[in-house]
Amino acid sequence: MDKLREAIINNDIWEEVKNEEIGSRIVFLDSIDSTNFKAKELASKGYQSGTVVVADEQTAGRGRLGRNWYSPAGTGLWLSIILRPDIPPLDSPLLTVIASLAVYESLLVLEKEPAAPEQHNNTLQIKWPNDILMDGKKLAGILTELSLGSKINYAVVGIGINVNQEEFPAELSGIATSLRREYNKEIDRLELFKKILISFERYYFRLLNNDGPQLVKEWKGRMNIIGKEVSIHDNERIYQGRVLDIAEQGELILESGGEIFHFWAGDVSLRSSPAG
Ligand code: BT5
């Protein structure tokens, strides 16, 4: 039996990660349309904050704006975390910030392990607002969804990481990569999953303890975008300009044609090298 499935079904993970909240309940599914859909359904039924939904395969994995997220069986980490954070709705972009910091940190540990092949640079980078790239190709994506009233009723933070895919479909092969491809070896999904739960909880508790501005600083430090000339596709419009900063709620500040724009979402490409 697959180690990840076995550990979840046997309830081994909670003991090992020693978290207080994240992973306090873990639901494993062999196949599901989308772990985010499932997590939203469970959250609306009252499942506790910290519940994690993990699937071996997603048949309708989702990116932002209803895009597809390719999630074949046995190869990736496809998971969604239910949260009930007591933070203002305006701070909700920070949930994506902490998720990408947690993924980044968990992958960085891997990078320090020996046996990484020399032919790759293995440069990890966060790409605003929701991607983790390695050598410019997308390794992981995050999709945060909210149920809002005057407060956040619940949030679902979906994380997709390409772990052991050897190949990608033609339309993704130029833009996507996996840990397997970058390191030339099989990566243990269970170990990576545990690292993510531990790291996510640490960042999450910092967020709840009003450490948002510092978290954004750390996030910004893992990007390479300030001062760059970029195009941003947002709501059917394309804005071209220079990135001035990433501000306190994680929003990107762009100077374009003498005007200043704030973006909370959007697809960014560098104007000199349209990657990602
Ligand atoms: C994202 O959207 O990057 C968010 C992806 C979130 C996936 C997780 S998996 C667990 C949870 N359950 C879900 O249903 N979703 C979450 P976006 O920035 O919109 O990027 C989507 C684009 O990435 C697609 O249009 C493709 O171009 C590309 N793409 C699709 N599958 C990919 C993959 N496996 N690896 C890299 N790129 C991919």
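Both ligands and their constituent atoms are indexed starting at 1 by order of listing.
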Item to complete: State whether the side chain of S100 and the backbone N or O of V97 hold a donor-acceptor pair below 3.5 Å, judged by distance alone.
Response: yes
Discussion item. Taking side chain to side chain contact (heavy atoms under 4.5 Å, CB included) as the criterion, tell me which of V163, I161, L179, V54 meets it with R189.
Written reply: V163
Discussion item. Distance under 4.0 Å, heavy atoms only, partner ligand 1: which residues pass?
Written reply: S34, T35, N36, Q58, G61, R62, G63, R64, R67, N68, W69, Y70, L79, S80, N130, D131, K138, G141, I142, L143, G158, I159, G160, N162, L172, I175, A176
Practice prompt. Inspect the contact between E41 and K45 and indicate whether a charged nitrogen and a carboxylate oxygen are less than 4.0 angstrom apart.
Written response: yes
Discussion item. With heavy-atom distances below 4.5 Å as the criterion, would you say the side chains of V53 and V156 are in contact?
Written reply: no
Item to complete: Answer yes or no: is there a donor N or O on one side and an acceptor on the other, between the side chain of D188 and the main chain of L190, under 3.5 Å?
Response: yes
Worksheet item: Hey, quick one: are Y203 and I246 part of the same hydrophobic cluster, counting side-chain heavy atoms closer than 4.5 Å, chains of contacts allowed?
Response: yes
